[in-house]
Protein chains: 2
Amino acid sequence: MPLIEVSYTPENFEVYDSSESIVVVNDIFRATSAICTAFEHGAKAMIPVETIEEARALQKKGYLAGAERNAEKVEGFDFGNSPYDYMGDNIKGKTLVLTTTNGTRAIEMAKKNSEVIVIGSFLNISALSKWLVGQKKNVIILCSGWKGRINLEDSLFAGALTKELIQDGTYSMEHDVEDSALIAMHLFEMAQKDPEKLLKVSSHRRRLARLNLKEDIRFCLTLNTTNKIPILIGDELVDLETTDLK
Amino acid sequence: MPLIEVSYTPENFEVYDSSESIVVVNDIFRATSAICTAFEHGAKAMIPVETIEEARALQKKGYLAGAERNAEKVEGFDFGNSPYDYMGDNIKGKTLVLTTTNGTRAIEMAKKNSEVIVIGSFLNISALSKWLVGQKKNVIILCSGWKGRINLEDSLFAGALTKELIQDGTYSMEHDVEDSALIAMHLFEMAQKDPEKLLKVSSHRRRLARLNLKEDIRFCLTLNTTNKIPILIGDELVDLETTDLK
């Protein structure tokens with residue numbers, strides 16, 4: 001039977017055997033929420049890159065490019081990593097470039113030895129879960145975390161996705177859920193009962209709140225605003241619907 | 001104010017700034033439970049080593065040596081990593097050698113850039129917490145995990161210790177508890193309400209249960225069987241009471 005596991009940081013992802021698994025990269029505040037939003041608003045593809053320099057080089061070649069470091073937009077770029085930056089007509093049909101503190105780094109780590117890499121967020125969780133269940137493969141949920149540390153919102157997403165996968169019946173709680181996913185799921189169940197209790201004391205949320213990102217936080221925690229599932233083909237994220245894996 | 005953080009695996013420990021922190025290494029099933037038990041039963045010191053070869057070399061020099069790999073005692077050694085191996089008269093006043101799959105590896109990782117490293121388990125949690133509170137320093141709880149992955153029992157210990165530290169009032173929930181510790185604490189609170197719910201489906205517990213280690217599991221989850229706090233001085237763990245840091 002397939003297994004569900006969670007890697008809470010990119011730093012320890014290499015211990016997972018991802019060669020025959022589907023890896024779901026998430027960075028809830030805000031990279032993967034922004035990526036899902038961009039596809040919902042008509043982006044054709046996105047090129048995640050690890051460094052500011054790579055992003056700048058591609059921008060000079062004519063790409064629209066987004067860049068975020070330490071939760072702020074980097075000067076000289078077209079977008080930051082707020083989902084609200086990726087809702088305009090200017091992105092329709094375009095290939096965008098994106099680099100962020102944690103999210104694009106996680107994608108880079110996943111690329112090293114993974115066959116199938118998709119992008120998850122609360123915004124596309126049900127479409128993603130439905131597709132994953134149909135694949136009947138091991139799932140590794142790779143959280144981007146915050147500079148090598150576990151964070152709350154990515155863990156909650158990992159728990160929410162685990163729960164959706166189990167509810168379908170393909171994966172069983174007793175045999176297919178590793179401790180890593182079990183922890184996330186219980187955390188999510190607790191948060192469902194009392195979301196404020198957990199999130200109001202979150203250290204990363206405190207960090208974002210100081211930057212006046214309350215609207216972004218609310219948006220990134222919204223369920224199912226899109227059915228798009230971004231998937232990495234080569235070096236580009238594209239809409240799963242345009243590929244053979246749909 | 002001092003911070004409380006949790007590193008859930010040795011693999012991402014290097015991102016933590018542990019130079020001015022006290023690092024609490026734990027490997028609940030079973031290395032650090034065995035270490036605390038050995039000190040309670042009169043061991044003078046323990047030398048944690050990373051490899052079987054190092055342990056064997058020291059054993060040849062006359063040390064009593066314990067070795068565990070994949071939850072089983074390695075042939076030719078005096079002990080495995082069951083706490084029950086470390087209760088006999090034969091260890092009184094002795095310096096023992098120990099190598100385990102995850103626990104001694106975590107100690108090695110911690111040694112790279114930490115000033116103060118102590119050993120934690122449920123067996124010494126209250127004595128440890130009381131001493132930590134008196135130090136008024138940042139605390140990093142380093143879980144050994146299972147082969148690079150987060151596990152349930154070490155996470156529960158991290159949560160239990162965080163909770164004890166907060167209850168004293170020196171550390172505040174709103175400002176001093178990072179997401180990593182917040183997650184552990186909520187997990188522990190849930191487990192307190194319904195311990196069976198979490199542990200009965202734990203993948204690592206399933207692994208140990210297959211090896212007939214139910215007695216060990218029960219023992220390792222017992223609170224406060226000892227006041228000993230093993231601390232690393234140079235390459236040896238010794239009883240904190242015999243040092244200047246007591």
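Below, read A as the first sequence line, B as the second, and so on, with proteins coming before strands; counting in each chain starts at 1.
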Which heavy-atom pair separates A:D179 from B:E153 by the least distance, and what is that distance? OD2-OE1, 4.1 Å
Can you measure from NE2 (A:H186) to NE2 (B:H186) and round to the nearest 0.5 angstrom? 15.5 Å
Side chain / backbone / both / neither for A:T9 at chain B, heavy atoms under 4.5 Å: side chain
Separation between CD1 of B:I183 and CG of A:L152, rounded to the nearest 0.5 Å: 5.0 Å
Is the side chain of A:N12 donor-acceptor paired with the backbone N or O of B:N12 at a distance under 3.5 Å, no angle test? no
Chain B interface, residue from A:Y8, A:F13, A:Y16 that has the most non-hydrogen pairs under 4.5 Å: A:Y16
Checking side chain to side chain contact (heavy atoms under 4.5 Å, CB included) for the pair A:I150/B:E178: CA distance, chi angles, key distance, verdict? CA-CA 9 Å; A:I150 193 171; B:E178 286 292 306; over 6 Å; no
Is it the case that atom CD in A:E20 sees more than 12 heavy atoms from other parts of the structure closer than 6.0 Å? no
Give every residue pair that meets the salt bridge (Lys or Arg N to Asp or Glu O under 4.0 Å) criterion with at least one member in residues 104-125 of chain A, sequence neighbours excluded. A:E11-A:R105, A:E50-A:R105, A:E108-A:K111, A:K111-A:D235
So for B:E5, is it side chain, backbone, both, or neither that comes closer than 4.5 Å to the heavy atoms of chain A? side chain
Residue list, salt bridge (charged side-chain N to carboxylate O under 4.0 Å, His left out) with A:R56, at least two apart or on another chain: none
Does B:Q167 CD have over 12 foreign heavy atoms under 6.0 Å away? yes
